[in-house]
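Data first, discussion second: the structure below is written as structure tokens.
Numbering of residues begins at 1 and proceeds along the displayed sequence. Computed over heavy atoms, backbone and side chain alike; hydrogens, waters and symmetry mates excluded. As the structure lists them, so they are numbered: ligands from 1, and atoms in each ligand from 1.
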Amino acid sequence: MKVKNLNDLQKIAEKGIKLLHPEKTKIMVGMGTCGIATGAGEVFEAISEEVKQQKLNVVISPTCCIGFCQREPLVDILQPSRPRMSYGDMTPERARELVKALAGGEFKKEWTLAKIVEEENLVEDRIWKYPVDSPPKELEEIPIYEQLPFYSKQRKIVLRNCGYINPENIEEYIARGGYRTLYKVLKELQPEQVIAEITKSGLRGRGGAGFPTGRKWDICRRAEGDIKYIICNGDEGDPGAYMDRGVLEGDPHSVLEGMIIGAYAIGAREGYIYVRAEYPLAVKNIGIAIKQAEDYGLLGENIFDSGFDFTFKVDRGAGAFVCGEETALIAALEGRVGEPRLRPPYPAQNGLWGKPTNINNVETWANVPVIMARGADWYSQYGTEASKGTKVFSLVGKIVNTGLVEVPMGITLREIVYDVGGGIPDGKQFKAMQTGGPSGGCIPQQFLDLPIDYERLKEVGAIMGSGGMIVMDEETCMVDVAKYFVDFLKGESCGKCTSCREGIERMHEILTDITEGRGREGDIELLEELSEVIRDTSLCALGGTAPNPVLTTIRYFRDEYEAHIREKHCPARVCKALVSYYIDPEKCEACMICLKNCPVEAIEGGKNQIHVIDQSKCTKCGTCLDVCPPRFAAVKKISGTPVPAPRSPKERVLVRTK
Ligand SMILES: Cc1cc2nc3c(=O)[nH]c(=O)nc-3n(C[C@H](O)[C@H](O)[C@H](O)COP(=O)(O)O)c2cc1C
């Protein structure tokens with residue numbers, strides 16, 4: 001069937017509503033890559049088998065990342081006349097028990113995370129209410145989803161459908177208002193009106209630089225030439241970041257719809273989605289989405305009888321970070337070596353195959369249908385003066401609740417770390433937050449109350465980047481962190497320009513020296529000088545921003561650099577070359593546990609003999625510290641002080657008092 005009008009869309013929506021909210025029990029499993037990595041596939045299988053065994057008449061449906069990655073695998077259960085229940089930390093065994101409980105008219109209260117009482121349909125401004133007028137008594141104590149600290153500060157615009165729909169069913173997307181905005185745009189608005197609305201909304205590119213999206217579209221629209229292209233940048237090479245993967249896997253149609261709207265506004269008839277090959281589920285789901293949209297005539301010729309034609313191609317990136325840079329990405333799409341080139345000319349004037357080309361990030365595109373549906377004024381109520389809307393972050397590192405979170409711009413770091421993120425595990429102290437990917441900056445504790453937007457992050461030496469947020473605790477060595485990111489960038493520099501290729505390599509050498517005890521006076525100043533040169537003379541922003549992790553860690557944690565250089569001391573006791581393990585003879589009870597577990601047989605001792613680590617054999621793997629029973633706590637990790645001389649064999653005979 002080819003969709004021609006809103007009536008046709010409505011018919012598909014009705015099919016979709018039956019899939020979204022069937023009149024029988026529906027079990028949904030979060031099968032995004034994050035879910036699968038924690039065993040969602042096995043959970044799905046166990047549910048399917050047990051459902052068969054119990055002869056239950058239920059629907060089992062995959063969805064993608066529901067967001068609360070820390071508690072994966074996640075399962076949601078929808079039952080007629082009950083709120084939707086969310087379950088976390090599922091295992092195949094628990095899944096079977098849960099199905100058995102369902103068969104017996106029970107539910108497993110102890111595994112519930114929250115109940116969901118309504119689902120918001122952002123595009124149509126409608127709310128799907130679960131029947132909760134007289135909720136069963138046993139559900140009263142279970143918190144409502146939005147009341148969980150993890151969710152209460154979030155506002156899901158980009159992730160509006162993630163975890164609610166099966167991304168493989170276009171009907172479910174349409175049931176949540178999908179492709180209606182496209183209809184409105186193609187039938188009722190002129191391209192200039194679309195651009196004006198996007199400009200008014202204040203949407204800025206979510207790929208890193210934060211360039212105003214409406215302005216970019218306008219430049220491309222005005223560029224000379226009949227053939228124009230649009231591109232979705234789904235390269236996402238930053239370590240620790242998975243925002244775009246989450247959207248492409250969980251709600252690919254939102255990106256497609258945003259792109260078709262953008263293409264109409266700009267005057268393009270062909271679009272490309274560049275997505276890294278390491279995201280096979282994203283590649284698969286976007287492929288399915290394109291096929292389904294084509295089958296319904298939502299892609300191809302004469303969409304909605306509007307005279308507008310548009311087609312898509314998917315291109316898989318081979319996993320080079322630099323290919324996320326727009327000119328390198330274009331080179332890769334054209335089949336050339338993925339290296340950036342000097343700008344101007346910008347892609348908007350001279351892009352793919354030399355034609356005007358508009359590139360936007362996955363998240364930027366996914367915002368578009370909602371902005372066009374609800375209006376610029378609605379959208380710009382969220383955010384700060386200069387940074388409107390929400391931002392998706394992947395919150396990872398030393399944080400209680402890791403996950404994909406979408407928060408309004410202007411939220412403070414403290415709210416993200418302590419409210420959404422639930423704080424630092426094991427009662428440890430927050431030390432820094434790394435934002436903006438490998439070339440972002442490390443923001444220390446004194447800026448916890450900083451409202452997050454493009455400008456404020458820049459002021460403290462960091463960048464928004466595409467949305468990676470890595471939380472670090474007191475046990476993190478900031479020199480080591482800088483070395484880690486510089487090492488990543490060293491491998492990812494394409495090598496085309498000397499200052500980036502050689503400069504990052506030199507920075508890495510100096511940082512390696514510092515972390516391995518060969519640091520010298522003047523190294524910090526040399527790093528600062530090098531940073532300036534690399535930043536000012538590199539061809540693209542990879543080199544231009546590469547010094548950020550070095551400069552911010554020097555700026556906020558200079559004392560740590562100095563301790564490494566002057567005292568050969570790693571205050572966080574992370575840098576292997578600067579730490580030693582030793583056994584406190586006053587505490588050792590000669591239990592033999594460390595001795596038996598040491599992989600290199602570096603520990604001497606016996607049943608009645610206090611143990612000693614042979615420093616010449618020790619590889620500093622830390623196993624002895626891990627296995628030493630906490631009641632003895634005899635193994636110590638030290639840095640900056642010499643290892644105390646071992647006692648003589650006679651003095652090491654253990655005299656037990658008990
Ligand atoms: C080294 C490097 C890597 C980049 N990687 C990405 C990426 O993975 N995804 C992305 O959208 N933008 C990335 N960018 C930014 C793009 O060049 C471009 O600015 C962006 O795709 C524009 O989309 P936006 O306006 O929606 O942000 C990268 C830039 C650099 C310098």
Q | Atom indices of ligand 1, in the order listed, that fall short of 4.0 Å to a heavy atom of G205 | A |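 Counting from 1, the qualifying ligand atoms are 24 (P), 25 (O), 26 (O), 27 (O).
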Q: Check each atom of ligand 1 against the heavy atoms of D235 and keep those under 4.0 Å away; list them by number with element.
A: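 It comes down to these atoms of ligand 1: 8 (O).
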Q: For atom NZ of K187, decide whether the heavy atoms of other residues, nucleotides or ligands shown that lie under 6.0 angstrom number more than 12.
A: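 Yes.
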(Q) For a side chain to side chain donor-acceptor pair (under 3.5 Å) check, start with the C-alpha distance between Y272 and E270, then their side-chain angles and the critical distance, and finish with the verdict. (A) CA-CA 7 Å; Y272 287 81; E270 221 178 291; 3.2 Å; yes
Q: State, without any angle test, whether T327 and E325 hold a side-chain donor-acceptor pair at a distance under 3.5 Å.
A: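 Short answer, yes.
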Q) Could a heavy atom of K216 be found less than 4.0 Å from some atom of ligand 1? A)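 Yes.
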Q. Under the salt bridge (Lys or Arg N to Asp or Glu O under 4.0 Å) criterion, do E120 and R155 qualify, and how do the steps go?
A. CA-CA 11 Å; E120 191 181 13; R155 182 71 181 106; 3.0 Å; yes
Q | Pairwise side-chain contact, L539 with K496, heavy-atom cut-off 4.5 Å (strictly under) | A |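 Answer yes - side chains close enough.
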For [atom], the option (of [options]) bearing the nearest heavy atom:
| atom | options | value |
| --- | --- | --- |
| atom 19 (O) of ligand 1 | E363, E236, R343, E326 | E326 |
| atom 12 (N) of ligand 1 | T327, N233, N360 | N233 |
| atom 28 (C) of ligand 1 | G324, A328, C500 | G324 |

Q) Do any N/O atoms on G207 end up under 3.5 angstrom from N/O atoms on ligand 1? A)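 Yes; the residue has a nitrogen or oxygen that sits under 3.5 Å from a nitrogen or oxygen of the ligand.
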Q) Of the protein's non-hydrogen atoms, which lies at the shortest distance from atom 29 (C) of ligand 1, and what is that distance? A)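 In this structure, atom 29 (C) of ligand 1 has E325 CA, 3.7 Å as its nearest protein heavy atom.
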Q: Just need the protein heavy atom nearest to atom 11 (O) of ligand 1, so name the residue and atom and give the distance.
A: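 For this ligand atom, the closest protein heavy atom is N361 ND2, 2.8 Å.
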Q: Under the ring pair (Phe, Tyr, Trp, His ring centres under 6.0 Å) rule, collect the residues that match up with Y561, sequence neighbours excluded.
A: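 Scan of Y561 (ring pair (Phe, Tyr, Trp, His ring centres under 6.0 Å), adjacent residues dropped) gives none.
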Q) With Y382, which residues qualify under ring pair (Phe, Tyr, Trp, His ring centres under 6.0 Å), at least two apart? A)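 With sequence neighbours excluded, Y382 shows a ring pair (Phe, Tyr, Trp, His ring centres under 6.0 Å) to W378, given in chain and number order.
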**Q.** Which segment of I359 sits under 4.0 Å of ligand 1 when only heavy atoms are counted
**A.**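 Near ligand 1, I359 shows its backbone as well as its side chain.
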